[in-house]
Peer 1: 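Here it is, the structure in full.
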Amino acid sequence: MLVFLISCFSFILLVSKSFFKPMGGFSNVWLSEELVKFLALWFSKGRNAISFLNLPLMTDHVKSKLENVVEKEEGVSLLDLPDLTLECIFERLPPNGLCNIAAVCSSLREKCTSDHLWEKHMKEKWGELIGSAAYKEWQCYIVSRNKASILEKSRKKRDLYGKFSKIRKLLCNRSKGNEDDSKVGNSSEMSSIMDWYISLETGKFWFPAQVFNREVQNGHVGFMLSCYDAEVSYDSRTNTFSARYPSYGRRIIEDDIEWNRLRAPTVDTLPYVLHVSDCLDDLKPDDHIEIQWRKSKEFAYGWWYGVVGHLEFCSGSKLNCHCHASEIVLLEFKQYTPGSRWRQTVINRKDHREVGNEGDGFYGGIRKLYSDKETSLWNSLLPNNTLE
């Protein structure tokens, strides 16, 4: 607590010099006097008053002023600070600091759990990984959790009625503990951004995401330059994720997944559903694409990275290339060696649907990559050696 308040004092000195100085001498003096008064009275209640007054930052003038304030006033708390000052302090606290302050009392809990304080933390850590699919899953999670809480309370009440007499039951129902329990299940509290953030940090909430190079740590090089849908959960101890993949017949779980191997789902298409391609007429050589592929029709699709290539009759010259006018589109997967059966495939841009067989797998919908950020991410995952 001492370190926290000293930090607050240093922050306040900084604010009073940089922010309030342009507002005029009155504001600066008022802020300094009020905050110095508060800190002095705060430390006067504990054992640290002497050490606080002996801080290197204290001039003789400030020290004598603090001593006078300590003698004249008592009973000041953190809540006596102006609301604007409290907001400035809370906005600079990390998530664990906000949680600690929220545990002090109901007034501070209300201030520290407000959504606008947690939106910044949510965006900074989880903004790129949490998409619309994860938000929808969170809403379902909240509804399910609230229903489970209501059913559990109903069961406990039935057990209570069976064990105690009518008078004892009435006394229990009127007790303060039961009233507090009814407030805990309030859906507005449980669906706050703070609750969502904590559920992500503790790994309680599994959310939809996509994993690059699935199971690569287990030696499955056949998944290089692919991205598969999964439910993931965060482990704050290792700063990694666990993933559960939808799979035919059995559930596959992968652990120790780094942040750079995850992304939010880029489309709303479910893993077993053929994606509707809306870019076929726009495809031309050297375009970067992702295409759905699955081993058999019982398995979920994964998204595989490829490049639009030149057709066999084309010289490859940009000036004389007419590949974009052909109904046939050649797709290349350069992580495989030339001559490999996985190196190339062709699709019909006018009548494209799922194509393939049980031997080579099935190719599905296509999405064109327009973002340099997406393309750079795929290129960073290229293997050092080409695959057979």
Side-chain angles (χ1 to χ4, degrees), residues 128-129 131 133 208-232 240-248 250-275 277 279 287-309 329-338 340-347 354-369 371 373-388:
E128 293 190 2
L129 190 54
Q210 292 180 333
V211 184
F212 291 101
N213 294 351
R214 167 181 168 175
E215 301 180 73
V216 66
Q217 294 174 333
N218 298 332
H220 292 272
V221 294
F223 287 107
M224 293 297 291
L225 291 192
S226 69
C227 194
Y228 274 77
D229 287 276
E231 288 183 333
V232 301
T240 60
F241 294 82
S242 296
R244 300 188 302 214
Y245 299 104
S247 182
Y248 178 71
R250 64 188 180 93
R251 173 175 288 180
I252 299 175
I253 298 179
E254 181 182 2
D255 298 318
D256 301 322
I257 300 172
E258 302 286 346
W259 283 82
N260 62 353
R261 288 182 54 209
L262 293 176
R263 74 176 182 185
T266 53
V267 293
D268 293 331
T269 308
L270 297 176
Y272 288 91
V273 178
L274 180 68
H275 176 67
S277 307
C279 62
D287 280 347
H288 301 267
I289 59 96
E290 293 177 12
I291 185 170
Q292 289 178 309
W293 181 88
R294 57 182 173 180
K295 183 177 180 181
S296 68
K297 297 204 174 188
E298 289 79 16
F299 287 88
Y301 285 112
W303 288 96
W304 292 74
Y305 172 70
V307 179
V308 178
V329 180
L330 176 69
L331 304 179
E332 288 190 295
F333 306 95
K334 295 185 178 180
Q335 66 269 37
Y336 297 101
T337 58
S340 168
R341 64 172 177 159
W342 307 111
R343 173 76 178 199
Q344 296 180 343
T345 191
V346 294
I347 63 165
E354 185 181 61
V355 294
N357 54 61
E358 293 291 338
D360 297 330
F362 295 87
Y363 294 89
I366 299 175
R367 61 179 296 261
K368 180 178 175 178
L369 304 183
S371 167
K373 183 179 180 181
E374 283 189 291
T375 304
S376 298
L377 178 57
W378 280 113
N379 287 330
S380 70
L381 298 171
L382 280 168
N384 295 327
N385 301 312
T386 55
L387 308 175
E388 294 295 331

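Small disclaimer: the values here were computed from a predicted structure and weren't measured.
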Peer 1: Please tell me if the side chains of Ile257 and Ser242 come closer than 4.5 Å, counting only heavy atoms from C-beta onward.
Peer 2: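 SC-SC contact between Ile257 and Ser242 ruled out.
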Peer 1: CD/Glu374 to SG/Cys227 distance, rounded to the nearest 0.5 angstrom?
Peer 2: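 The CD atom of Glu374 sits 10.0 Å away from the SG atom of Cys227.
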Peer 1: Determine, stepwise, if the pair Leu330 / Gln344 fulfils side chain to side chain contact (heavy atoms under 4.5 Å, CB included).
Peer 2: CA-CA 7 Å; Leu330 176 69; Gln344 296 180 343; 3.9 Å; yes
Peer 1: Using a strict cut-off of less than 4.0 Å between a Lys/Arg side-chain nitrogen and an Asp/Glu carboxylate oxygen, indicate whether Arg244 and Glu254 qualify as a salt bridge.
Peer 2: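 Not counted as a salt bridge, because no side-chain N and carboxylate O are separated by less than 4.0 Å.
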Peer 1: Which residues pass the salt bridge (Lys or Arg N to Asp or Glu O under 4.0 Å) test with Asp287, not counting sequence neighbours?
Peer 2: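 Asp287 satisfies salt bridge (Lys or Arg N to Asp or Glu O under 4.0 Å) with Lys284, Lys368 only.
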Peer 1: Just how far is it from atom CD of Glu354 to atom OH of Tyr363, taken to the nearest 0.5 Å?
Peer 2: 12.0 Å
Peer 1: Checking Asp255 against Thr240 for the side chain to side chain contact (heavy atoms under 4.5 Å, CB included) test, could you report, in this order, the C-alpha distance in whole Å, the side-chain angles of both residues, the deciding distance, and whether it holds?
Peer 2: CA-CA 8 Å; Asp255 298 318; Thr240 60; over 6 Å; no
Peer 1: Would you say the side-chain atoms of Asn213 pair up with the backbone N or O of Leu225, donor to acceptor, closer than 3.5 Å?
Peer 2: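 Present.
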Peer 1: Taking Arg294 first and then Glu358, would you say they form a salt bridge - that is, a charged N and a carboxylate O separated by under 4.0 Å?
Peer 2: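 Glu358 and Arg294: not salt-bridged.
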Peer 1: Out of curiosity, Lys295 NZ to Asp360 CG, how far, rounded to the nearest 0.5 Å?
Peer 2: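 It comes to 12.5 Å.
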Peer 1: Side chains of Thr269 and Gln292, heavy atoms from C-beta outward: is any pair under 4.5 Å?
Peer 2: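 Thr269 reaches Gln292 side chain to side chain.
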Peer 1: Minimum heavy-atom separation for Ala133 and Pro265, please, with both atom names.
Peer 2: CB-CG, 4.3 Å
Peer 1: A side-chain contact here means heavy atoms from C-beta on lying under 4.5 Å apart; do Val307 and Ile289 qualify?
Peer 2: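 Side-chain contact under 4.5 Å: no.
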Peer 1: Can you measure from CZ (Phe299) to OH (Tyr245) and round to the nearest 0.5 angstrom?
Peer 2: 14.5 Å
Peer 1: Any non-hydrogen side-chain atom of Met224 less than 4.5 Å from a side-chain atom of Leu381?
Peer 2: no
Peer 1: Please determine whether side chain to side chain contact (heavy atoms under 4.5 Å, CB included) holds for the pair Tyr301 and Leu274, giving the CA-CA distance in whole Å, both sets of side-chain angles, and the decisive distance to 0.1 Å.
Peer 2: CA-CA 8 Å; Tyr301 285 112; Leu274 180 68; 3.8 Å; yes
Peer 1: Could you grab the distance from atom CD1 of Ile366 to atom CG of Leu331, nearest 0.5 Å is fine?
Peer 2: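 The CD1 atom of Ile366 sits 5.0 Å away from the CG atom of Leu331.
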Peer 1: Report yes if the side chains of Ile291 and His275 come closer than 4.5 Å at any heavy-atom pair, otherwise no.
Peer 2: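 Not in contact.
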Peer 1: With side chain to side chain contact (heavy atoms under 4.5 Å, CB included) as the test, would you mind laying out the steps for Glu290 and Trp378 before giving the verdict?
Peer 2: CA-CA 10 Å; Glu290 293 177 12; Trp378 280 113; 2.8 Å; yes
Peer 1: Would you indicate whether the side-chain heavy atoms of Pro246 and Tyr272 approach each other to under 4.5 Å?
Peer 2: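 Yes - at least one pair of side-chain heavy atoms lies under 4.5 Å apart.
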Peer 1: Name the residue from Phe212, Trp342, Tyr305, Tyr228 that meets the ring-ring contact (aromatic ring centres under 6.0 Å, His included) definition with Phe223.
Peer 2: Tyr228
Peer 1: Give, for atom CZ of Phe241 and atom CD of Glu231, the distance between the pair rounded to the nearest 0.5 Å.
Peer 2: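 One gets 14.0 Å once the value is rounded to the nearest 0.5 Å.
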Peer 1: Please examine the side chains of Phe333 and Thr345, heavy atoms only from C-beta on, and report whether any two atoms are closer than 4.5 Å.
Peer 2: yes
Peer 1: How about Arg343 and Gln335: do any of their side-chain heavy atoms sit closer than 4.5 Å?
Peer 2: no
Peer 1: What closest approach, in Å, do Gly359 and Asn357 show between heavy atoms, and which atom pair accounts for it?
Peer 2: N-OD1, 2.9 Å
